[in-house]
Protein chains: 2
Amino acid sequence: MQSEPTVYVVDDDEPIRDSLRMLLRSAGLPVETFASAQQFLAAYTPPAPGCLLVDVRMPGMSGLELQELLAARKIALPVIIITGHGHVAMAVRAMKAGAADFVEKPFDDELLLECIRRTLARDADTRRRQSRSSESTQRLAALTPREREIMEHLVAGKSNKAIAADLGISARTVEVHRARIMEKLEAKSLADVVRIALSS
Amino acid sequence: MQSEPTVYVVDDDEPIRDSLRMLLRSAGLPVETFASAQQFLAAYTPPAPGCLLVDVRMPGMSGLELQELLAARKIALPVIIITGHGHVAMAVRAMKAGAADFVEKPFDDELLLECIRRTLARDADTRRRQSRSSESTQRLAALTPREREIMEHLVAGKSNKAIAADLGISARTVEVHRARIMEKLEAKSLADVVRIALSS
DNA sequence: AGGTCCTTACGTACAACTGCGTATTTATCC
DNA sequence: GGATAAATACGCAGTTGTACGTAAGGACCT
């Protein structure tokens with residue numbers, strides 16, 4: 001069960017949270033608001049799609065720290081940084097750290113919405129791509145160590161005979177493993193196997 | 001013959017050009033300076049490696065415009081933007097447009113050097129990766145239309161027979177094409193063909 | 001007229017796929 | 001402890017797929 005793409009707003013200033021919630025809701029976007037990075041982290045269950053709208057200056061964990069923490073945990077939720085007193089160095093740092101955008105307060109409602117929509121669209125796109133590759137990863141995980149070993153030889157372009165010689169086993173055994181690999185990967189041809197092995 | 005990675009400095013202010021040239025030369029980095037974007041464009045021969053150090057505010061073409069022009073021409077030279085009077089929106093725009101960094105004047109010499117070294121290192125890395133993929137592209141370009149068509153069927157996992165049936169030709173012809181494909185791509189196995197076809 | 005491309009047949013040799021049968025080891029569950 | 005499943009291993013035989021040498025014809029472009 002995967003949830004709907006949601007805009008997660010994290011800001012310690014309640015009036016701002018409320019106004020953002022109104023703005024986003026009126027634009028038809030699902031919103032959840034949090035008063036701190038900790039609250040957000042407690043509630044967010046990866047890898048729910050959407051994007052994060054976070055203020056830089058907050059008691060406890062700052063927006064930039066939250067961004068870095070998500071990156072360290074390999075959570076690919078795009079982050080839009082909002083700031084009241086931003087300067088260039090901070091913006092550059094955030095963007096280099098992978099922020100989707102960096103917006104100064106006071107912001108124009110329409111521009112912010114536009115920016116959020118673009119970010120959500122890119123996130124959806126990224127997730128579509130990743131779901132395909134994670135499907136490959138899952139199938140690969142179903143292989144036994146021996147099968148994986150033989151698959152690597154296959155992808156390297158070796159013949160069954162050569163693999164058998166390399167591993168000191170009979171060609172027949174390689175064939176059996178090969179058949180199992182094709183079955184587990186749902187591959188109908190060697191080309192499929194190579195594609196799946198490379199796409200993980 | 002490929003040139004050495006060079007730092008291309010573009011700034012209309014001569015004292016700054018000179019001081020940057022001194023700084024970079026003393027750091028052992030090859031430098032070329034230009035007074036305008038046009039001068040740089042006239043002298044730069046893609047895809048020479050290195051990085052571009054460019055001021056935002058210049059008569060004629062601005063640094064940001066130059067950056068966009070390079071992107072439009074698909075010239076992958078990393079760009080470091082320098083500015084005297086930058087603001088956050090400009091920095092964000094430059095970074096979103098793919099700038100490697102965005103530095104405010106007056107800058108710290110050591111920090112700038114560090115930033116340039118990182119950018120050069122990343123550029124060298126990117127070029128290594130791309131040279132491998134462009135090798136594939138070149139080989140693929142040597143295929144005739146018919147060979148390319150058959151290669152696509154092969155990569156899709158079809159057998160010679162199936163391809164022959166699809167194209168309404170004899171299996172032997174497919175074999176001949178297949179052999180030519182392997183030869184031109186310098187592939188020793190079907191797995192190699194798939195890899196090359198996917199890596200382009 | 002020569003070059004490249006696309007096409008084909010015959011025959012030989014090797015490689016791969018499949019079904020069927022067998023066997024050992026290890027892990028897991030009752 | 002015994003049953004069961006999964007992983008690993010091997011052989012034979014038959015069918016299908018692939019590789020390659022040789023030889024050669026038609027289309028098209030320069």
Side-chain angles (χ1 to χ4, degrees), chain A residues 131-200, chain B residues 131-200:
Chain A
S131 83
R132 264 194 292 279
S133 115
S134 82
E135 216 178 295
S136 299
T137 308
Q138 272 192 337
R139 290 180 191 171
L140 286 171
L143 298 181
T144 67
R146 194 57 154 176
E147 285 162 358
R148 198 182 323 284
E149 189 178 11
I150 286 171
M151 184 197 71
E152 278 158 18
H153 284 76
L154 282 176
V155 172
K158 297 191 180 169
S159 71
N160 286 354
K161 260 195 173 179
I163 297 171
D166 276 9
L167 301 180
I169 58 180
S170 88
R172 184 67 185 90
T173 303
V174 176
E175 283 169 24
V176 174
H177 282 305
R178 186 172 180 153
R180 285 288 289 158
I181 291 168
M182 306 274 281
E183 188 187 325
K184 285 185 178 176
L185 299 186
E186 296 176 37
K188 285 170 203 64
S189 64
L190 178 59
D192 287 348
V193 175
V194 176
R195 239 196 314 283
I196 292 171
L198 294 182
S199 78
S200 65
Chain B
S131 82
R132 264 194 291 279
S133 118
S134 81
E135 217 178 294
S136 300
T137 308
Q138 272 191 337
R139 290 179 192 172
L140 287 171
L143 298 181
T144 67
R146 194 56 152 177
E147 284 163 359
R148 199 184 323 284
E149 188 179 11
I150 286 171
M151 185 196 70
E152 277 159 19
H153 283 78
L154 281 177
V155 172
K158 298 191 179 170
S159 73
N160 287 355
K161 258 194 173 178
I163 297 171
D166 277 9
L167 301 180
I169 58 179
S170 87
R172 183 66 185 92
T173 304
V174 177
E175 284 172 32
V176 173
H177 283 306
R178 185 174 181 150
R180 288 286 289 157
I181 291 168
M182 305 276 281
E183 188 188 325
K184 285 184 178 176
L185 299 185
E186 296 175 37
K188 287 172 203 66
S189 64
L190 178 59
D192 286 348
V193 175
V194 175
R195 240 195 314 283
I196 291 170
L198 294 182
S199 79
S200 62

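Chain A is the first sequence line, chain B the second, and so forth, proteins listed ahead of strands; every chain is numbered from 1.
- Looking at A:E149 and A:R146, a side-chain N of the basic residue comes within less than 4.0 Å of a carboxylate O on the acidic one, giving a salt bridge.
- For the pair A:M151/A:E147, no side-chain contact is recorded, criterion being any heavy-atom separation below 4.5 Å from C-beta on.
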Taking N or O atoms only and anything under 3.5 Å, show me the protein contacts with nucleotides 10-12 of chain D, one pair per line.
from, atom 1, to, atom 2, distance (Å)
D:dC10, OP2, A:S170, N, 2.6
D:dC10, OP2, A:T173, OG1, 3.0
D:dG11, O6, A:R172, NE, 3.0
D:dG11, O6, A:R172, NH2, 3.4
D:dC12, N4, A:R172, NE, 2.9

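- Less than 4.0 Å separates DNA chain C from at least one heavy atom of each of the following residues of residues 147-160 of chain A: A:S159, A:N160.
- The CD1 atom of A:I169 lies 10.0 Å from the CG atom of A:N160; values are rounded to the nearest 0.5 Å.
- Using a 4.5 Å heavy-atom threshold, the side chains of B:I196 and B:L140 count as touching.
- Within the 4.5 Å cutoff, the side chain of B:L154 has no heavy atoms near those of the B:V174 side chain.
- To the nearest 0.5 Å, the span separating NZ on B:K161 from OG on B:S170 amounts to 12.5 Å.
- Per the geometry, NZ belonging to B:K161 stands 14 Å off C1' belonging to C:dC17, to the nearest Å.
- At a threshold of 4.5 Å between non-hydrogen side-chain atoms, the residues B:V193 and B:L185 count as touching.
- Here B:R146 does not reach the OP1 or OP2 of C:dT4: none of its side-chain N or O atoms lies under 4.0 Å away.
- Contact check on A:R148 versus A:E152 returns no salt bridge, with no Lys/Arg side-chain nitrogen under 4.0 Å from an Asp/Glu carboxylate oxygen.
- Residue B:H177 places none of its side-chain N or O atoms closer than 4.0 Å to OP1 or OP2 of C:dC5.
- Between B:R178 and B:E175, no side-chain nitrogen of the basic residue sits less than 4.0 Å from a carboxylate oxygen of the acidic one, so the salt-bridge criterion is not met.
- The stretch residues 178-187 of chain A touches DNA chain C through A:R178, each having a heavy atom under 4.0 angstrom from the strand.
- When atom types are taken as modelled, the side chain of B:R180 and the backbone of B:L143 share no donor-acceptor pair closer than 3.5 angstrom.
- Considering A:S134, A:S136, A:S133 in turn, A:S136 is the only one that fulfils the side-chain hydrogen bond (donor to acceptor under 3.5 Å, both in side chains) rule with A:S199.
- When rounded to the nearest whole Å, the span between CD1 of A:I163 and P of D:dT8 equals 15 Å.
- Contact annotation: A:T144 side-chain N/O to D:dA6 OP1/OP2 distance is not under 4.0 Å.
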